[in-house]
Amino acid sequence: MSFPLLTATAVLPAIGAVATAAVPAARRTAAKWLALLVSLATLALAITVLVRFDPDGARYQLTESHAWIADFGVRYELGVDGIGVALLALTALLIPFIILAGWHDADPLETGSRRWRPTQGFFALILAVEAMVIISFEATDVFLFYIFFEAMLIPMYFLIGGFGDRAHAGSDENAAAQRSYAAVKFLLYNLVGGLIMLAAVIGLYVVAGNFSLQEIAEARANGTLDMATNTERWLFLGFFFAFAVKAPLWPLHTWLPNAMGEATAPVAVLITAVVDKVGTFAMLRFCLQLFPEASKWATPAILVLALISIVYGALLAVGQRDIKRLVAYASISHFGFIIMGIFAMTSQGQSGATLYMVNHGISTAALMLVAGFLISRRGSRLIADYGGVQKVAPVLAGTFLIGGLATLSLPGLAPFVSEFLVLVGTFARYPVIGIIATFGIVLAALYTLVLYQRTMTGPVKPEVSAMPDLRLRELVVVAPLVVLLIFLGVYPKPVTDIVNPAVKSTMSDVHKKDPKPEVEAAK
């Protein structure tokens, strides 16, 4: 039997989480290094998966299949397509940076405090989330996917509620209550979505007799499994609702600003750059593949919701006074673009949406982590408490600017290509939606440039006059992300070559072809 590479990629961080949690309390530094080394080893396995994946080969590769709960048709089935392997690689890439950025976020609070920040638990929870996200990208059994789709909520709940940023350090009971509220809201929203999805998963089993994604999709394609129209639509809505909460899509988005605002910056990156991608990924893998006719039926309504997310999220970002909440609302707008690209039902839109998932993960990580470094120095998340930072910390300000410019999709940086593809793909089939969505780009330029102007330029405020520039550890976190933003901005081909064949297969699942351009015949 060949080496179970996909299993190893998911199991290694799970084992690392247990080992990190078991490190003696007095050896906090050893726990940090252990977590970092495990994340780097997982990255090495993910790179191996990426190298072994053949974009021109079978749709699902490196597959594993074993009997699990035979009486209920549940199997342990794994496999990756181009979309899954790209997001698996993104997850494995970001986790080491998240760990490095949060190196001191779970250290004990100041002497005399009655509260203790369990360092080992913090890093163990991050690795546990990584393991569950990775197996979610690999699972081709619907029930197996559902288990880890829900299970990742538990470690995320503790990361949000148990660890606040340094702006809330000390004995501030109100801040602790806010963190608890954000964590409970995150958990309840996602649990409700998961329970509705569970009903749909059970319904799918009743109709199909098994949980295998590939078997069900093949049966749908060759006509041996014919779902009634209303049945397919109800099942689609059950799956889509859970994914829309996770994504998050308006009006199911309200948990995200609270969660990102109250979590530490690395955990905020874990939420929006890693965990939330499971929702949009699942729309492509499960909604479109299992319920093609229902997906087409729901497309107009979903496009309207995505458009509202784009404009609404950007408008609220413009009015924010809190740096982290601004990034959260900007992410809601960006997820609107991703969902719009998925349901535009064009190859350009879906390729752009997948590329956007990767690029948004990198750009948001760069911006939010630098913002976290900034907040840890000043002890405040409020934009008004900053000014003139570029004069005292030019490297910090420069990397913050690059992250911001990537957020507004400046040409030459990675998100521009993906956003352009999404808009082109949407305009080809839904020109009015595409035109209105471009308004989100204008608003992105407004909130990003205003944020930079108010925090980094102008007179130096006394509170930031002694602010140190980025340290070596922080540069190690930020520099590779900046390099990736520039590289993928000028040469996105390595990613598009991987995802395009999978996108073609998805387009085939929903029986859609790209609309032909309307060209006036030459006289």
Side-chain angles (χ1 to χ4, degrees), residues 13 16-17 20-21 23 25-39 94-111 113-130 155-172 175-176 178-180 182-183 186 258-275 322-325 327-328 364-381 396 399-400 467-468 470-478 481:
T20 301
V23 173
R27 306 196 61 183
R28 296 187 304 273
T29 302
K32 297 176 185 179
W33 279 106
L34 176 60
L36 180 60
L37 291 174
V38 169
S39 68
L94 291 180
I95 295 299
F97 297 128
I98 289 172
I99 289 173
L100 270 177
W103 200 252
H104 297 299
D105 285 356
D107 286 348
L109 294 172
E110 62 275 9
T111 303
S113 172
R114 291 176 297 174
R115 292 188 292 120
W116 178 267
R117 302 164 75 87
T119 306
Q120 288 84 337
F122 179 76
F123 293 101
L125 290 170
I126 291 175
L127 290 176
V129 172
E130 179 182 23
M156 285 306 310
Y157 168 80
F158 288 108
L159 283 169
I160 296 168
F163 302 90
D165 59 43
R166 291 307 189 188
H168 288 330
S171 58
D172 188 343
Q178 290 176 3
R179 288 197 300 273
S180 178
F186 161 83
N258 296 102
M260 288 185 65
E262 300 306 322
T264 66
V267 172
V269 171
L270 189 65
I271 295 169
T272 190
V274 177
V275 171
D322 183 310
I323 296 174
K324 292 169 71 177
R325 289 178 70 90
V327 179
T364 299
L367 180 61
M368 180 58 85
L369 292 180
V370 176
F373 299 149
L374 181 70
I375 291 168
S376 68
R377 285 159 163 76
R378 174 67 177 83
S380 172
R381 303 188 327 225
L396 188 154
T399 52
F400 190 82
M467 180 177 289
L470 291 183
R471 303 178 179 91
L472 178 61
R473 173 180 58 86
E474 296 165 335
L475 283 171
V476 170
V477 170
V478 176
L481 297 175

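The model shown is predicted, which means the values in this text are computed figures rather than measured ones.
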List the residues meeting side chain to side chain contact (heavy atoms under 4.5 Å, CB included) with [X], not counting sequence neighbours, and say none if there are none.
| X | answer |
| --- | --- |
| F158 | L125, I154 |
| L37 | none |
| A21 | A124 |

Could you tell me the separation between the [atom1] atom of [X] and the [atom2] atom of [Y], rounded to the nearest 0.5 Å?
| X | Y | atom1 | atom2 | result |
| --- | --- | --- | --- | --- |
| S39 | L94 | OG | CG | 11.0 Å |
| F123 | R28 | CZ | CZ | 11.0 Å |
| L475 | F373 | CG | CZ | 9.0 Å |
| I126 | L36 | CD1 | CG | 11.0 Å |
| L367 | L481 | CG | CG | 11.0 Å |
| L396 | R471 | CG | CZ | 10.0 Å |

Taking atom CZ of R27 as the centre, does the number of heavy atoms from other residues, nucleotides or ligands within less than 6.0 Å exceed 12?
-> no

Give every residue pair that meets the side chain to side chain donor-acceptor pair (under 3.5 Å) criterion with at least one member in residues 365-374, sequence neighbours excluded.
-> none

For R179 and I160, run side-chain contact (heavy atoms from CB on, under 4.5 Å): C-alpha distance rounded to whole Å, both residues' side-chain angles, the deciding distance at 0.1 Å, then the answer.
-> CA-CA 7 Å; R179 288 197 300 273; I160 296 168; 5.9 Å; no

By side chain to side chain donor-acceptor pair (under 3.5 Å), R377 pairs with (sequence neighbours left out) E474

For a 4.5 angstrom cut-off between non-hydrogen side-chain atoms, does [X] reach [Y]?
| X | Y | answer |
| --- | --- | --- |
| M467 | L374 | yes |
| Q120 | P118 | no |
| T29 | T119 | no |
| R325 | E262 | no |
| W33 | W103 | yes |

Going through the checks in order, is the side-chain contact (heavy atoms from CB on, under 4.5 Å) test met by D105 and F163?
-> CA-CA 8 Å; D105 285 356; F163 302 90; over 6 Å; no

Heavy atoms only: give me the nearest [X]-[Y] pair and the separation to one decimal.
| X | Y | value |
| --- | --- | --- |
| A183 | Y157 | O-CD1, 3.4 Å |
| V23 | A30 | CG1-CB, 4.4 Å |
| L100 | R473 | O-NH1, 2.7 Å |
| L369 | A101 | CD2-CB, 3.6 Å |

What's the verdict on side-chain contact (heavy atoms from CB on, under 4.5 Å) for K324 and R381, showing C-alpha distance, side-chain angles and the deciding distance?
-> CA-CA 7 Å; K324 292 169 71 177; R381 303 188 327 225; 3.6 Å; yes

Audit row: V478, F97, side-chain contact (heavy atoms from CB on, under 4.5 Å) steps and yes/no | CA-CA 8 Å; V478 176; F97 297 128; over 6 Å; no

Run the side-chain donor-acceptor check on residues 265-275: report pairs under 3.5 Å with partners two or more places apart or on a different chain.
from: T272; atom 1: OG1; to: S331; atom 2: OG; distance (Å): 3.3

